[in-house]
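Structure record follows, encoded as structure tokens.
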Amino acid sequence: MAATAMQFPMVIDGQRVESLSGERYEDRDPASDQVLALLPRANPADVDRAVEAATRAFNSKEWGGIAPAERGRLMLRLAQLIRANAEELARLESQDNGKPLRQARNDAQVAARYFEFYAGVADKIMGNTIPIGPGFLDYTIREPLGVSGHIVPWNYPIQITSRGVAPAVAAGNTCVVKPSSEAPLTAVRLGELAIDAGFPAGVINVVTGRGSEVGDYLVTHPGINQITFTGSVSTGQRVMELAARHVIPVQMELGGKSPNVVFADADLDLTVPAVANAIFQNAGQTCSAGSRLLVERRAHDEVVDRLRQRAQQMRLGPGIEDPDMGPMISRGQLQRVLEYIEIGKREGARVAVGGAQPDDPQLRRGYFIQPTVLDQARNEMRVAQDEIFGPVLTVIEFDDLEEAARIANQSEFGLVAGVWTRDINKALYLASRIKAGQVFVNTYGAGGGVELPFGGYKKSGFGREKGLEALAAYTQVKNVCVKFA
Ligand code: NAP
């Protein structure tokens with residue numbers, strides 16, 4: 001174990017606490033395989049404490065009884081604290097997840113932005129009056145649901161925690177967050193900053209521990225009124241089944257195999273760097289990664305050649321040294337990606353660049369893999385259908401617009417798509433045909449997109465995060481009908 005392993009608490013009821021059992025678990029640095037931090041290993045009794053605290057807070061004068069504008073002010077204070085501590089948060093995120101420091105810095109700013117955006121919304125969650133005829137007054141109110149459970153993955157911990165918690169508390173809910181045991185540090189710090197910002201005890205609780213040990217218990221807890229889950233399809237299916245037992249709403253943000261469709265008339269100087277970034281950012285561990293490149297046959301050779309050159313120039317290293325690409329999150333994830341590259345080769349795809357762990361002995365202890373392009377793939381191959389969740393771009397050629405639309409939609413996922421062309425007709429036609437929650441034209445991702453509704457079609461999930469759309473997940477509508485003389 002590294003002598004310098006950090007110690008972190010959990011945050012329950014406005015306090016920094018240990019687990020009731022006193023047990024801790026090791027959180028590893030993916031760049032070195034050393035222990036980075038020790039955290040409380042929560043068990044069901046800790047979940048009970050957190051849900052009870054969140055329930056008390058929901059029913060309290062200090063939270064349930066305050067004006068919406070006051071909730072907004074607390075959120076703005078939290079946003080200011082995130083910005084004031086952004087460098088510390090970024091360094092923690094970079095070490096914990098492995099992502100390059102500049103990406104982690106951006107993630108911290110985006111987290112602050114979520115709290116600012118929804119702070120402005122807190123006092124604007126309005127209902128309607130509905131005209132049903134003389135002698136009636138009918139109106140609706142949007143009320144919070146109660147205790148909102150947030151199950152967060154390891155790939156963008158501070159962003160995804162903030163993405164869910166900010167609209168939840170803006171609407172007046174309280175939260176129990178379960179970050180991934182692989183990268184929990186910034187979620188804990190966010191819980192601590194919420195205390196410093198003056199949030200009443202119990203409004204934002206963070207329970208650390210393994211999903212396999214506390215996940216089911218959290219989802220089936222009778223005190224939980226809603227679940228926001230971000231993660232894999234298989235865990236999401238389990239969460240849905242468990243939530244069905246006590247009939248609570250779930251918001252599902254699952255995986256993707258998003259197509260980036262490049263036509264021969266596209267501006268390749270603009271397109272190729274964006275296509276590379278869409279897959280290699282966060283070492284490909286991004287739900288919305290542009291992991292399928294659909295390229296018009298006439299442009300194929302030039303696009304793949306330019307991608308190869310870019311990939312060869314990328315510098316790998318520990319995130320904290322701010323390389324172009326960091327490691328995979330875990331040894332298991334590294335093995336999974338290596339296996340998929342082998343599967344791709346067996347299926348007949350050709351490795352245009354990468355395809356292996358780097359030779360550099362310095363990187364051998366960490367979970368590094370080269371940025372990889374699998375060329376000459378067909379869409380029915382597993383490497384074109386499965387979410388690999390690593391820096392592996394699968395390249396498929398097409399000849400015309402209809403074929404591009406067909407291939408783009410031949411996927412069980414539908415999270416994001418990119419279209420690259422100078423022809424507005426092609427762009428708008430494809431945007432109308434593609435079955436995905438977000439379509440980008442001549443851009444990809446738009447810098448985090450706090451304001452833009454985000455979520456899946458098909459197995460990519462349901463419900464929308466981000467933007468004003470997210471409020472639907474954290475409110476329930478009450479209709480009041482009054483008959484007067
Ligand atoms: P995962 O294995 O499904 O884990 C997600 C979360 O669920 C983690 O906090 C995990 O905790 C927890 N968990 C595990 N078992 C559980 C159980 N039985 N009950 C409740 N929670 C449980 O996914 P991942 O590998 O962390 O993340 C990668 C996946 O997330 C990819 O498929 C990616 O596409 C998807 N993702 C989607 C979005 C989106 O917005 N659509 C964003 C990011 C990632 P532990 O880690 O402690 O086990």
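First listed ligand is number 1; within each ligand, the first listed atom is number 1. These numbers come from a predicted model, not from an experiment.
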Residues, nucleotides or ligands: over 12 heavy atoms within 6.0 Å of Arg238 CZ: no
Pair Asn282-Lys99, side-chain donor/acceptor within less than 3.5 Å: yes
Distance-only side-chain donor-acceptor flag, Tyr156 / Thr286, under 3.5 Å: yes
Distances only, to 0.1 Å: what are the N or O pairs between ligand 1 and the protein that fall under 3.5 Å?
| unit_1 | atom_1 | unit_2 | atom_2 | d |
| --- | --- | --- | --- | --- |
| ligand 1 | 3 (O) | Ser232 | N | 2.9 |
| ligand 1 | 3 (O) | Ser232 | OG | 2.6 |
| ligand 1 | 3 (O) | Thr235 | OG1 | 2.9 |
| ligand 1 | 9 (O) | Val152 | O | 2.8 |
| ligand 1 | 9 (O) | Lys178 | NZ | 3.4 |
| ligand 1 | 11 (O) | Lys178 | NZ | 3.0 |
| ligand 1 | 18 (N) | Asp216 | OD1 | 2.8 |
| ligand 1 | 19 (N) | Asp216 | OD1 | 3.3 |
| ligand 1 | 23 (O) | Ser232 | N | 3.4 |
| ligand 1 | 25 (O) | Trp154 | NE1 | 3.2 |
| ligand 1 | 26 (O) | Trp154 | NE1 | 2.9 |
| ligand 1 | 30 (O) | Gly231 | O | 3.3 |
| ligand 1 | 32 (O) | Glu387 | OE1 | 2.6 |
| ligand 1 | 34 (O) | Glu387 | OE1 | 3.3 |
| ligand 1 | 34 (O) | Glu387 | OE2 | 2.6 |
| ligand 1 | 40 (O) | Arg163 | NH1 | 3.4 |
| ligand 1 | 40 (O) | Arg163 | NH2 | 2.9 |
| ligand 1 | 41 (N) | Leu254 | N | 3.4 |
| ligand 1 | 41 (N) | Leu254 | O | 2.7 |
| ligand 1 | 46 (O) | Ser180 | OG | 2.7 |
| ligand 1 | 47 (O) | Lys178 | NZ | 3.1 |
| ligand 1 | 47 (O) | Ser181 | N | 2.9 |
| ligand 1 | 47 (O) | Ser181 | OG | 2.6 |
| ligand 1 | 47 (O) | Gly211 | N | 3.0 |
| ligand 1 | 48 (O) | Gly211 | N | 3.4 |

Row check, Phe454 ring normal vs Lys466 NZ/CZ: under 6.0 Å, within 45°: yes
Tyr217 and His221 aromatic ring geometry - parallel, tilted or perpendicular at 30°/60° bounds: perpendicular
Lys/Arg-Asp/Glu bridge criterion (N-O < 4.0 Å) met for Lys459, Glu412: yes
